[in-house]
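Quick caveat, the model's predicted, so the values are computed rather than measured. Throughout, protein chains are lettered first and strands after them, A, B, ... in sequence-line order, and every chain is numbered starting at 1.
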There are 2 protein chains.
Amino acid sequence: MRHYKFHKERLRSSGLRPTKQRLAICKILFDRKETFHFTIEELKKIAEKNISLATLYNTVHAFKKSGYLKEISLKNKKTFFDTNTKNHHHFYDEELSKLIDIKNENISLNNLPEAPYGKKIKDVEILIRVANNNQKQKK
Amino acid sequence: MRHYKFHKERLRSSGLRPTKQRLAICKILFDRKETFHFTIEELKKIAEKNISLATLYNTVHAFKKSGYLKEISLKNKKTFFDTNTKNHHHFYDEELSKLIDIKNENISLNNLPEAPYGKKIKDVEILIRVANNNQKQKK
DNA sequence: CTTGTAGTTTAGAATGATTATAAACTGCTT
DNA sequence: AAGCAGTTTATAATCATTCTAAACTACAAG
Ligand SMILES: [Mn+2]
Ligand SMILES: [Mn+2]
Ligand SMILES: [Zn+2]
Ligand SMILES: [Zn+2]
């Protein structure tokens, strides 16, 4: 268990008890180099089989509330979560149901329109839908 | 019935029979000046009570397939539809669950990042989340 | 105008993701 | 070691959406 101590301390500092289940889920979600985008269903597939589905839901929501994860806007029926909690944007490959990060600095969004009266902007999410470069021409 | 003939002809030209139910739904959705953003539940509230829920779903999906409507990406559990089928973006007021259009030309998105290898960009959706301008200061 | 048929509507059942419930269990303080 | 709040779990409940299959209807053809 590599970052065991880190996870344990972070959980404690969020007021969450570092249980066996939570540490196992931390390992899956956060002990990796790249951003991880996942649905609960995918997490269930890779998690140890003795962690209940209810715990996966509970834990992911607790982690989201503590700011370890964020939720992504998609019209998919399943909710996606993202281990990258920085401001950033996404490519979405609908065929593969896969998200790919776009760093905030790799996309320039000048002159945002003004928020409606009495409202202020909380955040901006850009989703760029991509598909296979279908070079299926007539022939 | 104002645009009766228009709706009737448009339905026919899409291969859809202009039924009583479809014409009533067209009237609700399209006989208005402003874009209409709605969920099936909201449509049910304002539709004549003798149109079944199944027909609302069937009709909205048929209209989407025919290009009269588009679906909006949100992490809400309910699906939103939009009578504005042009390329455009949205403010989203999470408190009111309301979408507000942003015209494509009112937002400038320079230098899009390149699509992942073998993929091409289908479309870009920008969602700007807004909230009440809470001037609830300490006092 | 009839009739035939494909398209449409409908009530109700089924599905599937998510949330709620409440009992058993466990981390942690005393 | 004891006790309690926090956590896990199986299971039921919820709720949006989709499916089913029977009744209905628009409309083309005669
Ligand atoms: Mn959620
Ligand atoms: Mn849909
Ligand atoms: Zn991401
Ligand atoms: Zn819109």
Short side-chain N/O contact from Thr55(B) to OP1 or OP2 of dT10(C), under 4.0 Å:
yes

Which residues within residues 36-47 of chain A lie with some heavy atom under 4.0 Å of an atom in DNA chain D?
none

Is it true that the side chains of His37(A) and Asp101(A) contain a donor and an acceptor less than 3.5 Å apart?
yes

Check every atom of dT17(D), dT8(D), dT19(C) against the side chain of Lys78(B) and return the nucleotide holding the closest atom.
dT17(D)

Let me know the distance between CZ of Phe63(A) and P of dT7(D), rounded to the nearest Å.
11 Å

Once you round it to whole Å, what is the distance between P of dC19(D) and CG of Asn58(B)?
10 Å

Could you tell me how far apart Lys64(B) (NZ) and dT17(D) (P) are, to the nearest whole angstrom?
12 Å

Which whole-number value in Å describes the distance from Asn50(B) CG to dC24(D) P?
15 Å

Just how far, in rounded Å, is C1' of dA11(C) from CD1 of Ile51(B)?
16 Å

For dT8(D) and Arg22(A) - does any side-chain N or O of the residue sit under 4.0 Å from the phosphate oxygens OP1/OP2?
yes

Using a 6.0 Å cut-off, check whether atom NZ of Lys44(A) has over 12 heavy atoms from anything other than its own residue.
no

Side-chain donor-acceptor pair present, Tyr92(A), Asn76(A), cut-off under 3.5 Å:
yes

Ile72(B) side, atom CD1; His90(B) side, atom NE2 - distance, nearest 0.5 Å:
4.0 Å

Do the side chain of Ser14(A) and the main chain of Arg10(A) share a donor and acceptor less than 3.5 angstrom apart?
yes

Within a strict 4.5 Å, meaning less than it, do heavy atoms of the Leu23(B) and Tyr4(B) side chains meet?
yes

If you pin Leu56(A) and Lys77(B) to their nearest nucleotides in DNA chain D, which one's is more 5'?
Leu56(A)

Examine dT18(C): is either OP1 or OP2 under 4.0 Å from a nitrogen or oxygen in the side chain of His61(A)? Give yes or no.
no

Is there a side-chain contact between Ile128(A) and Pro113(B) (heavy atoms, below 4.5 Å)?
yes

Rounded distance in Å - CD1 (Ile25(A)) to C1' (dT7(D))
12 Å

Ignoring hydrogens and angles, state whether a donor on the side chain of Lys86(B) or Asn104(B) is under 3.5 Å from an acceptor on the partner side chain.
no

Without decimals, in angstroms, what is the distance between Leu53(A) CG and dA10(D) P?
10 Å

Side chains of His88(A) and Asp82(A): donor-acceptor distance under 3.5 Å anywhere?
yes

For nucleotides 22-30 of chain C, give me one character per nucleotide, 5' to 3': B if any protein heavy atom sits under 4.0 Å from the base, S if the only such contacts are to the sugar-phosphate, - if neither.
----BBS--

Pick base, sugar-phosphate or nothing for Asn76(B), based on heavy-atom distances below 4.0 Å to the nucleic acid.
nothing

Separation of atom CG in Leu11(B) from atom C1' in dT25(D), rounded to whole Å:
15 Å

OP1 or OP2 of dT17(D) sitting under 4.0 Å from any side-chain N/O of Tyr57(B)?
yes

Pairing of Asp93(B) and Lys98(B) as salt bridge, 4.0 angstrom limit:
no

